[in-house]
Amino acid sequence: MPTLTSIKKRPASRHLGRPTPELIFGDLWEFDPAPETADPRLKARYDLFIGGKFVAPSSGKYFDSINPANETKLAEIAHANAADVDAAYAAAKKAFDTTWGKMPGRERAKYLYRLARLLQDRAREFAVAETLDGGKPIKESRDFDVPMAAAHFFYHAGWADKLDYVAPGRSVAPLGVVGQVIPWNFPLLMLAWKIAPALAMGNTVVLKPAETTSVTALKFAELIQDAGLPPGVVNFVTGFGDTGAAVMGHPTAAKVAFTGSTEVGKIIMRSLAGTDKKMTMELGGKAANIVFDDAPIDQAVEGIINGIFFNQGHVCCAGSRLLVHEPIAERFLAKLKTRIKTLRVGDPIDKNTDIGAINSKEQLATITRLVGVGVKEGAVMFQPACKLPAKGYYFRPTVFSGVSMSHRVAREEIFGPVLSVLTFRTLDEAVEKANNTAYGLSAGVWTDKGSRILKMSTELKAGVVWANTYNKFDPTSPFGGYKESGFGREGGRQGLLDYCKLV
Ligand code: ADP
């Protein structure tokens with residue numbers, strides 16, 4: 001438990017009587033630092049993982065992975081070129097043809113269970129590595145990313161010997177080698193979302209993590225070795241967009257799966273037009289979190305906070321637009337601001353931290369630029385007066401009110417802790433505003449009425465609609481988008497269908 005060491009701003013006498021709401025919810029309490037101390041067991045330099053072994057990149061080139069919390073170098077990462085990607089595909093093809101593709105599902109399941117358990121065994125170590133590499137608060141990586149990644153392997157292990165039930169009445173077969181490229185916001189979890197269904201179905205994999213967050217994938221390669229997976233079943237090639245393009249465009253890939261920006265997703269789709277590769281794309285979002293006047297207000301405030309400030313807003317399904325019913329708008333905004341003042345922004349390795357570091361200098365510049373646009377366009381900006389660490393990439397939680405749908409902050413994905421607030425009078429207006437976006441990944445509805453939830457979830461053009469909660473995930477539940485948020489589903493039976501052919 002953190003200890004209470006000092007009380008800022010208020011004279012001590014104010015604390016002797018019954019605390020006022022301000023004293024409970026104001027930005028008053030300072031905790032002692034409580035850094036997580038588990039050893040992340042990092043190597044100074046990480047090679048590529050091809051054919052079950054760590055191998056040096058053929059170019060001999062490495063790049064630095066930076067800890068965004070303090071701008072120090074965490075490790076060196078190999079930069080894979082087209083020849084390395086070729087070698088990874090050759091290893092994956094061999095594994096598919098000789099071992100994994102032929103193995104009965106019940107045998108593959110044992111490996112997946114083993115990976116899940118090995119990850120659980122080293123959960124704290126992986127959580128610390130994820131936080132150091134990506135900047136997310138340790139309480140997120142410890143309580144969400146790592147357990148959820150393990151859950152995906154458990155869940156898909158359960159499917160591996162039951163594939164006859166994936167498409168009732170039909171038989172399924174693996175596709176072959178799949179190429180996968182993932183982003184930096186949930187490095188280990190995205191890896192699990194991609195690898196677990198592919199392997200359960202009998203495919204083999206070439207995966208490229210994002211350039212700023214490759215460390216946990218390479219640590220996961222150690223688990224793959226420990227689990228005794230046949231060589232080449234999973235291969236990791238690290239690098240930048242050039243490496244990603246080589247992975248997506250490789251002729252051996254029977255299917256490609258991409259999670260990242262809509263911009264890069266479109267480049268990949270254009271480059272693969274005319275090929276017979278299967279494709280799934282999980283792209284950007286600009287979700288609306290819609291609060292009706294009969295909603296449980298305090299829970300809704302927490303849900304909005306969780307939906308956008310969770311993980312620094314580095315979430316494609318982040319609830320970056322709040323649509324609030326006009327009769328409660330003023331009261332709701334006031335409560336929201338009071339709560340935001342209590343959020344702790346700072347060192348992500350500290351267990352008290354709510355909002356950690358922005359993933360990279362480039363992303364911080366993007367957020368800063370788009371927030372500048374919001375101010376210029378006349379939206380009213382609120383930021384708490386919290387102190388930010390002197391070094392590292394940090395951004396205060398930011399709320400824009402007085403926003404209309406023509407404002408860029410209401411239309412563009414910012415991918416940072418920035419919330420735009422709009423109001424509505426009727427359900428139809430809420431639906432109209434929520435759907436008035438190029439994206440369609442997720443939405444949230446807060447109301448006391450079940451009938452309204454059902455109506456909204458039918459009308460909202462979003463792959464996921466959460467009701468009276470937000471950002472809830474489960475391996476059994478399919479996730480994916482509409483429109484420019486992409487296509488295909490990850491998780492559940494639907495996610496498995498994207499990794500097989502029907503025979
Ligand atoms: P974000 O905006 O979330 O950083 P990006 O779409 O830029 O998302 O990056 C997601 C992933 O796509 C990263 O692993 C990145 O290296 C990779 N990538 C970037 N450009 C390309 C490309 N042209 N082809 C394939 N992958 C790419």
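No hydrogens, no waters, no symmetry mates; every other heavy atom, side chains included, goes into these values. Counting starts at 1 for both ligands and their atoms, in listed order.
Cation-pi geometry between R108 and Y111 is not met: the NZ or CZ atom fails to fall both under 6.0 Å from the ring centre and inside 45° of the normal. Geometrically, R489 does not engage F479 in a cation-pi contact, judged by NZ or CZ lying under 6.0 Å from the ring centre and within 45° of the ring axis.
In this structure, F220 has its ring center closer than 6.0 angstrom to the ring center of F153. In summary, the aromatic rings of W159 and Y499 are positioned with their centroids too far apart to meet the 6.0 Å limit. Proximity of the aromatic rings of F96 and W100 is defined here by a centroid distance below 6.0 angstrom, and this criterion is not met.
Remark: among candidates L283, I182, V247, L207, the nearest residue to atom 13 (C) of ligand 1 is I182, based on non-hydrogen atoms. Considering V264, I268, T213 only, the shortest heavy-atom separation from atom 7 (O) of ligand 1 involves V264. The closest heavy-atom contact to atom 16 (O) of ligand 1, among the options M190, E362, E211, comes from E211.
By the criterion of a heavy-atom distance under 4.0 Å, neither the backbone nor the side chain of F415 is placed next to ligand 1.
C316 does not count as a contact of ligand 1, since none of its heavy atoms falls under 4.0 Å from the ligand. Within the structure, ligand 1 has F258 among the residues with a heavy atom less than 4.0 angstrom away.
Each of I308, L422, I290, L336 was checked for a side-chain contact (heavy atoms from CB on, under 4.5 Å) with L322, and the lone residue meeting it is L336.
Heavy-atom proximity to P209, at under 4.0 Å, picks out these atoms of ligand 1: 14 (O). Under a 4.0 Å criterion applied to the non-hydrogen atoms of S261, ligand 1 contributes the atoms 2 (O), 5 (P), 6 (O), 7 (O), 8 (O). Interface of A210 with ligand 1, defined as ligand atoms under 4.0 Å from a residue heavy atom, comprises 14 (O). If you number the atoms of ligand 1 from 1 as listed, the ones under 4.0 Å from a heavy atom of A245 come out as 24 (N), 25 (C), 26 (N). Shown in contact with V181 at under 4.0 Å from a heavy atom are these atoms of ligand 1, numbered in order with element: 11 (C), 12 (O), 14 (O), 17 (C), 26 (N). Every atom of ligand 1 with a heavy atom of G244 under 4.0 Å away is listed here by number and element: 24 (N), 25 (C), 26 (N).
R344 and D354 are not joined by a salt bridge, as no carboxylate oxygen comes within less than 4.0 angstrom of a charged side-chain nitrogen.
Of the protein's non-hydrogen atoms, W184 NE1, 3.7 Å is the one closest to atom 1 (P) of ligand 1. In terms of protein heavy-atom proximity, atom 19 (C) of ligand 1 is closest to G241 CA, 3.6 Å.
Surrounding NZ of K93 are at most 12 heavy atoms belonging to other residues, nucleotides or ligands under 6.0 Å away. The number of heavy-atom neighbours closer than 6.0 Å to NZ of K43, taken from other residues, nucleotides and ligands shown, is above 12.
Within a 4.0 Å radius of atom 3 (O) of ligand 1, the protein has at least one heavy atom.
Between the side chains of D84 and H79, no donor-acceptor pair of N or O atoms lies under 3.5 Å.
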